[in-house]
Amino acid sequence: MSLLVVLLILYIIWDVNYFIRCIFTVLAGRLFQGKRKVTDTTTIYGLCTSQDVDIFLRHMNNARYLRELDFARFHFYALTNLYELVRQRGGGAVQGASSVRYRRTIPIFHPYKIQTRLVWWDDKAIYLEQQFITLADGFVRAVALSKQCITKCNVNELLKTYPEAAKRPEMPADLKLWLDAIEVSSQKLRKDK
């Protein structure tokens, strides 16, 4: 009985579902999808369940979008082998910034997919664009940009190991504006010190 209580307490205070989903997403991608080029778009699928919705039980909670984006990033890292290359060099990946634009809600019990693609990089970070698309109508429900800071590695050198990434693409206009806004915010915070 006491073991059951301990397991129940651990389940409550430690987000077991999150870790199970991480492992499942990475393993399913590796087992059933195969490797992708770092410039390819990767896709995972989801379903808006009662665990994902807001207090009115109608549509996906804004915080759940960010959680789902984590799974899609882990999947991207696994299929492109990018994270393995970073780890081999003694580095890691840390979320540096993110921005989500919500266009239309994802209703409860609606299936969707998240498409992830690398849109640009500099010497310290990669920049991903991720889209939530409902399967029933193909509508892009939300678009996210994220800055993934790569520690202890020069990203330009790292991506040169991928033939398809030999030439960095032009920075997308929306990414440039977003990075400029981040820099303005950073300058303001530096002045406040």
Side-chain angles (χ1 to χ4, degrees), residues 11-80 82-83 93-121 125-149 169 171-182 185:
Y11 189 84
I12 292 169
I13 63 173
W14 195 40
D15 194 351
V16 175
N17 291 341
Y18 177 81
F19 294 100
I20 290 172
R21 176 85 185 274
C22 287
I23 292 166
F24 174 79
T25 301
V26 169
L27 286 179
R30 286 188 174 176
L31 292 173
F32 301 114
Q33 292 183 309
K35 293 292 179 196
R36 298 285 192 274
K37 294 179 179 178
V38 76
T39 54
D40 286 347
T41 299
T42 60
T43 304
I44 68 167
Y45 294 87
L47 176 69
C48 180
T49 68
S50 59
Q51 293 183 4
D52 302 321
V53 295
D54 66 357
I55 195 166
F56 302 109
L57 305 174
R58 296 184 59 197
H59 56 80
M60 188 178 283
N61 178 309
N62 293 349
R64 277 304 216 206
Y65 284 85
L66 297 175
R67 184 179 172 110
E68 293 299 312
L69 291 173
D70 269 353
F71 301 131
R73 275 193 303 277
F74 299 151
H75 181 258
F76 174 82
Y77 281 131
L79 292 188
T80 61
L82 184 58
Y83 192 72
V94 178
Q95 177 86 306
S98 66
S99 174
V100 181
R101 185 167 69 95
Y102 304 98
R103 300 182 68 223
R104 196 178 292 166
T105 62
I106 297 177
I108 190 169
F109 304 124
H110 277 63
Y112 59 87
K113 64 183 176 181
I114 302 172
Q115 294 186 323
T116 302
R117 70 184 184 96
L118 175 67
V119 293
W120 198 70
W121 61 87
I126 64 169
Y127 301 88
L128 301 175
E129 179 186 78
Q130 297 176 283
Q131 296 183 349
F132 284 82
I133 303 167
T134 42
L135 298 183
D137 57 8
F139 190 81
V140 177
R141 301 290 175 138
V143 178
L145 287 174
S146 72
K147 177 182 181 178
Q148 299 291 296
C149 298
M171 183 189 288
D174 57 342
L175 178 63
K176 180 176 182 350
L177 291 169
W178 181 57
L179 292 177
D180 289 345
I182 290 171
S185 174

Check your understanding: Of K35, R30, R36, which meets side-chain contact (heavy atoms from CB on, under 4.5 Å) against Q33?
Key ->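 Only match with Q33 under side-chain contact (heavy atoms from CB on, under 4.5 Å): R36.
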Counting distance only, does the side-chain N/O of [X] pair as donor-acceptor with the main-chain N or O of [Y] below 3.5 Å?
X    : Y    : answer
D174 : L177 : no
R64  : Q51  : yes
S185 : A181 : no
W120 : L175 : no
R103 : V140 : yes

Regarding [X] and [Y], does a basic nitrogen lie under 4.0 Å from an acidic carboxylate oxygen?
X    : Y    : result
K176 : D180 : yes
D70  : R73  : yes
E68  : K113 : no

Check your understanding: With sequence neighbours excluded, what pairs up with Y45 under the ring pair (Phe, Tyr, Trp, His ring centres under 6.0 Å) test?
Key ->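 Listed in chain order: nothing, the list is empty.
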Point to revise | Gap separating the OH atom of Y112 from the OH atom of Y65, nearest 0.5 angstrom | key: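 Between atom OH of Y112 and atom OH of Y65 there are 8.5 Å.
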Check your understanding: Hey, what do you get for CD1 (I126) to OG (S146), rounding to the nearest 0.5 Å?
Key ->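 Those atoms lie 7.5 Å apart.
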Check your understanding: So, do V53 and C48 sit near enough that their side-chain heavy atoms are less than 4.5 Å apart?
Key ->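 Answer yes - side chains close enough.
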Review point. Does R104 make a cation-pi contact with F139 (under 6.0 Å, within 45 degrees of the axis)?
Key: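 That pair qualifies as a cation-pi contact.
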